[in-house]
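Report on the structure given below.
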Amino acid sequence: MCGRFCLDSTGQTLQRIFKAEGGDGIVPRYNIAPGQQSPVVLQGRKGPRSIRMHKWGLVPHWAKDAKIGHRMINARAETVAEKPSFRQPLKSGRCLVPATGFYEWQAIDGAKQPWLFHLDRRETVFAFAGLHERWASPEGEVLNTFTIITTEANEQVRPFHHRMPVILPEMTWHAWLSPAAVTQVEPLIQLLQPWSGRTPITGNRVSARVNDPRLDQPECMVPLQEES
DNA sequence: CCAGACGTTGTT
DNA sequence: GTCTGG
DNA sequence: CCAGACGTTGTT
DNA sequence: GTCTGG
C-alpha cells in the first residue's frame, strides 16, 4: 500500500538530489494525500530532468472522465505491464516520485494511528517508482497525473501491511527514467525488484492521529519516546 | 459484432 | 485506446 | 490512505 | 455498504 506519504524537502533540495530543473516554490509537506499535487521527476526526450507538479491518481489518456484517477493511486509491480491503464505509461511515462517517508496505519482502540516509514536519516529524500500521464478533458483542459508502483512489503513494513511502495536506489534512477520510450519492458520490471533488504526502512509512530491537522507539521515527524 | 471495463487495498 | 465478456 | 457524503426540484 | 473528494 501507499496511500499517503511525506516530502520534507524544498524544491532547491530536490533540484540538487535529482539533478533536475524546476520545482521552484516547493515547500516541505508531511501529509500528501491522493488527489493532491506533488512533485515528480521526469526525463524529457532531450535535455535535463525536470521537476513538475502532478496530481496523484493516474488518469489514462483514453479516459472519458477524470474520476477514474481516484482508483489509480497505486499500480502493482507484478501486473503493471499488463494493465490497460498502466501499459503505455510504463513504456513512455516513467517518473520518480520524491519522498522522505510513507505512512502505514495501525488500529489502536478503534482509532487509526499513523506510522511513518523513512530511511536511516528521517530527512533523506528517496524516490518511489512512478508512472505519469497527460490527460485532456473533452473541453481541452489538461491534467497531469501520476501513480506509485507497489510491491510486496519488506521485513520492516510487513508487520503493518503486506504491500509497500517500490523504492528505487539512486543507481537505478537513470535506467528507470530513460530512454523515454522502450519496447522491451522486462528490464524495467527488473528494476522494480531490488527494494528488499537494500532499502532498510525505519518505522516510527507519529505523534498525531490521522487527519489531525498537526500531522501536517514537522514536529510530528519526531519519533515518540519508547514506551516503558 | 457491441458493451463495458480499464485498479488496489483491506475486510468479510 | 484496447481488451474481455456476452 | 482517510473523511464525508449518500438527493432532487426549482429558483436565483 | 460504497463512492467521491482531498
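So that the names make sense, note that chain A is the first sequence line, chain B the second, and so on, each numbered from 1. All figures in this text were calculated on a predicted structure; none of them were measured in a lab.
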Exercise. May I ask you to check whether A:R4 and A:N31 show a side-chain donor-acceptor distance below 3.5 Å?
Key: yes

Quiz item: Is there a donor-acceptor contact under 3.5 Å linking the side chains of A:Q106 and A:W115?
Solution: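 Side-chain D/A pair, A:Q106 to A:W115: present.
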
Quiz item: Is there a donor-acceptor pair under 3.5 Å between the side chain of A:T147 and the backbone N or O of A:I73?
Solution: yes

Could you tell me whether [X] contacts a base, only the sugar-phosphate backbone, or nothing, with contacts defined as non-hydrogen atoms closer than 4.0 Å?
| X | value |
| --- | --- |
| A:T147 | nothing |
| A:F86 | sugar-phosphate |
| A:L58 | nothing |
| A:A63 | nothing |
| A:P60 | nothing |

From the list [options], which nucleotide is the closest neighbour of the side chain of [X]?
| X | options | value |
| --- | --- | --- |
| A:I68 | E:dG5, B:dC6, B:dT9 | B:dC6 |
| A:R4 | B:dC6, D:dC1, E:dG5 | D:dC1 |
| A:W105 | E:dG6, B:dT8, D:dC1 | D:dC1 |

[atom1]-based separation of [M] from [N] [nearest Å]:
| N | M | atom1 | value |
| --- | --- | --- | --- |
| B:dG10 | D:dC2 | C1' | 13 Å |
| B:dT12 | D:dC1 | P | 14 Å |
| B:dG7 | C:dT4 | P | 11 Å |
| D:dA3 | B:dC6 | C1' | 26 Å |
| D:dG4 | B:dT9 | P | 25 Å |

Self-check item: Positions of residues 90-102 of chain A (non-hydrogen atom under 4.0 Å from DNA chain B), listed by number
Solution: none

[N] OP1/OP2 closer than 4.0 Å to side-chain N/O of [X]:
| X | N | answer |
| --- | --- | --- |
| A:S85 | C:dT2 | no |
| A:R87 | C:dC3 | yes |
| A:R71 | B:dT8 | no |
| A:K83 | B:dC6 | no |
| A:H161 | B:dG10 | yes |
| A:H162 | B:dG10 | yes |

Can you tell me how far [atom2] of [N] sits from [atom1] of [X], to the nearest Å?
| X | N | atom1 | atom2 | result |
| --- | --- | --- | --- | --- |
| A:Q113 | D:dC1 | CD | C1' | 15 Å |
| A:F146 | E:dG6 | CZ | P | 16 Å |
| A:E152 | B:dT8 | CD | P | 16 Å |
| A:R76 | B:dG10 | CZ | P | 10 Å |

Quiz item: Less than 4.5 Å apart, any side-chain heavy atom of A:M53 and any of A:P39?
Solution: yes

Practice problem: For the residue pair A:F146 and A:W56, categorise the inter-ring angle as parallel (less than 30°), tilted (30 to 60°) or perpendicular (more than 60°). | Solution: parallel

Contacts under 3.5 angstrom, residues 84-103 of chain A side chains, donor-acceptor by atom type, not counting sequence neighbours:
residue, atom, partner, partner atom, Å
A:Q88, NE2, A:S92, OG, 3.3
A:S92, OG, A:Q88, O, 3.2
A:R94, NE, A:W176, O, 2.5
A:R94, NH1, A:L90, O, 2.7
A:R94, NH1, A:K91, O, 3.0
A:R94, NH2, A:P179, O, 2.5
A:T100, OG1, A:C6, O, 3.4
A:T100, OG1, A:D8, N, 3.0
A:Y103, OH, A:Y30, O, 2.4

Exercise. Tell which nucleotide pairs with E:dT2, taking only Watson-Crick or G-U wobble pairs whose two distances are both under 3.5 angstrom.
Key: D:dA5

Self-check item: Polar pair under 3.5 Å, donor/acceptor by atom type, side chain A:H61, base C:dG1
Solution: no

Quiz item: Between A:W62 and B:dC6, do the rings stack, that is, sit under 5.5 Å apart with planes less than 30° off each other?
Solution: yes

Practice problem: Measure the spacing between CD1 of A:I167 and CD of A:E170 and express it to the nearest 0.5 Å. | Solution: 14.0 Å

Exercise. Start with the C-alpha gap between A:I32 and A:L7, add the side-chain angles, then the distance that decides, and say whether side chain to side chain contact (heavy atoms under 4.5 Å, CB included) holds.
Key: CA-CA 8 Å; A:I32 298 168; A:L7 178 56; 3.9 Å; yes

Quiz prompt | Test: A:R163 and A:E78 ion pair at under 4.0 Å | solution =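 A salt bridge links A:R163 with A:E78.
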
